[in-house]
Amino acid sequence: MTSPAAETRQLLEALGVPASRFTGGSRTVRSPLTGETIGAVKDDSPAEAKAAIGKAQAAFEAWRKVPGPQRGELVRLLGEELRAAKTELGRLVSLEVGKIASEGLGEVQEMIDICDFATGLSRQLYGLTIATERGDHRMMEQWHPAGVVGVISAFNFPVAVWSWNAALAFVCGDSVVWKPSEKTPLTALAVEAIFNRAAARFGGVPDGLLTLILGAREVGEVLVDDPRVPVVSATGSTAMGRIVGERVARRFGRSILELGGNNASIVTPSADLDLALRAIAFAAMGTAGQRCTSLRRLIVHDSVYDDLVGKLKKVYAGISVGNPLTTESLVGPLIDKAAFDGMQKALEEARKAGGTVHGGARVAEAGPQEAYYARPALVEMPKQVGPVVNETFAPILYVLKYSEFDEALALQNGVPQGLSSSIFATDMREVERFVSAQGSDCGIANVNMGPSGAEIGGAFGGEKETGGGRESGSDAWKAYMRRQTSAINYGRTLPLAQGVKFDVDDGGTSP
């Protein structure tokens, strides 16, 4: 059987990444599947990061001159290259992050989908013609490329998050500087190689349209602080977002922040419990609880609590945990020891707060000592306190009981985060209230499904400590552009707005 290290090398070489890019560096990359080293990359210095931004700025100045539909053709070709490389890149995602095979492939499919979306968008970067109060005048609003877009992505979706930003940025006329998570640089190197193939097919792509910078915080800080980067899109923790948002705002740049999510689902008396059970299982345990949209809080009506939670306990006790590339397991490893330790700390805090913990222990037989597999935890809580109001990036599902719908909504909204939410109900009054202005305060509010599994057609993001950013579909493209309003006088007089009069003696030169 091929080792993860050997398979990773084979995949990278097949995807066109030179061996010099993933060997011999000082930063070790480990697979969470086994804990073994699968690469060693060279970090960029702050000076090299600054040079990369300069290169991206020059590329932007050339790329903005290319018509939008032609820019869309580059993204179309990128989608074709991703289709051709889907199997290899999806497998590499699983090796570097620990996702089950279908989720690794699904992440690449999401990249393909956003390329399709952005290609169509390249012919729809619409402005406005605006009614004006001045005769012989026309007023319009148009959108221009913003400039260099900085993308800081997290480990859990190492390639999809980049694509949500980059596909839109490219068709909008921007260049992109990408700083991937230091935990997942290999998939970024693969995407860079795939993009380069699309660029070669397109021909004439300015050097630096996509620039990759590798490293830890000090490299990201260069991207955040450089005034040549008007837009910074950052995905990660709320703590990280507070720093990024403040520093970008200090120089009057714009930030797109996708931060913490402490997502809840409400299960009402009218819910289809069989459907809810399947949806809850995937949303809470998929990706080993390491999605920003993972289900972390389950708010169940007391009339169905015993039935649903009893079935959930059986599902949790029987779920398969192990290496998803060598077994049929549905739950893979946590990314590293720090993630496992964070999970155990949260469970201990839940016990101290009166919670009853089912599961949560390390599954030692699932992998080597250097790999961190854990059984998903179901935690019955007497109230929403302690670790329940914080996001722990691990497969922990806190279960709470409610009696009145107002109580459920209060619990749903009673945390600092506001990314995603859902309700299981067939009572349309409760459904409609949940998605109304009086209901969920999250950026995503689903019905009869879990809070995870967003599609690229809808803008993705949340409120409160989630940061307020939006990526992917809808009108999220406007975040990568600057707005300009123009008034055009095609007459021979100069009427002023709001009836202002400012007549000057023109020395008799008027006709």
Side-chain angles (χ1 to χ4, degrees), residues 32 97-98 154-156 181 183 235-242 258-265 280-300 309 312-313 315-317 319 321 330-364 366-367 371-401 411-421 442 450-452 462 464-466:
V97 182
F155 79 86
N156 60 326
S181 168
K183 297 179 182 180
T235 301
S237 68
T238 296
M240 179 273 287
R242 289 188 196 281
E258 299 290 352
L259 311 175
N262 191 359
N263 315 295
S265 290
I280 291 163
F282 168 69
M285 293 186 282
T287 326
Q290 295 171 118
R291 288 175 176 240
C292 49
T293 54
S294 289
L295 177 59
R296 310 207 180 279
R297 296 177 295 134
L298 187 64
I299 304 165
V300 186
V309 176
L312 270 175
K313 289 176 184 176
V315 170
Y316 268 67
I319 195 75
V321 180
L330 292 177
V331 178
L334 292 167
I335 189 66
D336 54 23
K337 182 179 186 298
F340 177 77
D341 290 345
M343 178 180 181
Q344 299 310 306
K345 180 181 178 182
L347 292 177
E348 183 57 33
E349 290 175 354
R351 291 186 184 95
K352 291 179 179 178
T356 302
V357 177
H358 308 276
R362 187 173 182 182
V363 184
Y372 291 86
Y373 292 85
R375 180 154 296 283
L378 185 72
V379 185
E380 296 179 85
M381 293 295 294
K383 53 186 177 179
Q384 188 161 269
V385 294
V388 186
V389 298
N390 299 313
E391 180 188 38
T392 301
F393 227 55
I396 301 175
L397 180 61
Y398 301 105
V399 187
L400 300 153
K401 190 181 295 187
L411 288 168
Q412 146 69 41
N413 297 337
V415 295
Q417 309 84 0
L419 176 53
S420 192
S421 60
C442 295
S452 59
K464 302 189 296 188
E465 287 191 359
T466 302

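What you see is a predicted model; the values in this text were computed from it and never measured.
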Is a side-chain donor or acceptor of Lys383 paired with a backbone partner of Gly354 at a separation under 3.5 angstrom?
no
Under 3.5 Å donor-acceptor, Thr392 side chain and Ala394 backbone
no
Do the non-hydrogen side-chain atoms of Glu391 and Ser237 ever get within less than 4.5 Å of each other?
no
Salt-bridge test for Arg351 and Glu348: reply yes if a basic N is under 4.0 Å from a carboxylate O, no otherwise.
yes
Please find the pair of heavy atoms, one from Leu347 and one from Ala377, that lie closest to each other, and give the distance.
CD2-CB, 3.8 Å
Side chains of Pro333 and Tyr373, heavy atoms from C-beta outward: is any pair under 4.5 Å?
yes
Evaluate the criterion side-chain contact (heavy atoms from CB on, under 4.5 Å) for residue pair Ile335 and Phe393; output intermediate values, then yes/no.
CA-CA 10 Å; Ile335 189 66; Phe393 227 55; over 6 Å; no
Nearest-0.5 Å distance that lies between atom CG in Asn262 and atom CZ in Arg297:
4.5 Å
Enter the distance from Lys337:NZ to Gln344:CD here, rounded to the nearest 0.5 Å.
10.5 Å
Going through the distances and angles, do Ile280 and Leu397 end up as a side-chain contact (heavy atoms from CB on, under 4.5 Å)?
CA-CA 9 Å; Ile280 291 163; Leu397 180 61; 3.8 Å; yes
When you compare the side chain of Pro395 with that of Leu334, does any pair of heavy atoms fall below 4.5 Å?
yes
What's the spacing between Leu312 CG and Met285 CE if we round to 0.5 Å?
7.5 Å
Are the side chains of Ser420 and Ser452 in contact, using a 4.5 Å heavy-atom criterion?
no
Close side-chain approach of Val363 and Val331, heavy atoms under 4.5 Å
no
Rounded to the nearest 0.5 Å, how far apart are CG of Asn390 and CD of Glu465?
9.0 Å
For Val415, does its backbone N or O pair with a side-chain atom of Lys464 as donor and acceptor, under 3.5 Å?
yes
If I take atom CG from residue Leu419 and atom CG from residue Asn263, how far apart are they, to the nearest 0.5 angstrom?
5.0 Å
Can we say Lys401 and Glu380 salt-bridge, meaning some charged N sits less than 4.0 Å from an Asp/Glu carboxylate O?
no
Kindly compute the distance separating CD1 (Ile396) from CZ (Arg296), expressed to the nearest 0.5 Å.
8.5 Å
Decide whether a cation-pi geometry holds between Arg375 and Tyr316; the criteria are a distance under 6.0 Å from NZ or CZ to the six-membered ring centre and an angle within 45° of the ring axis.
no
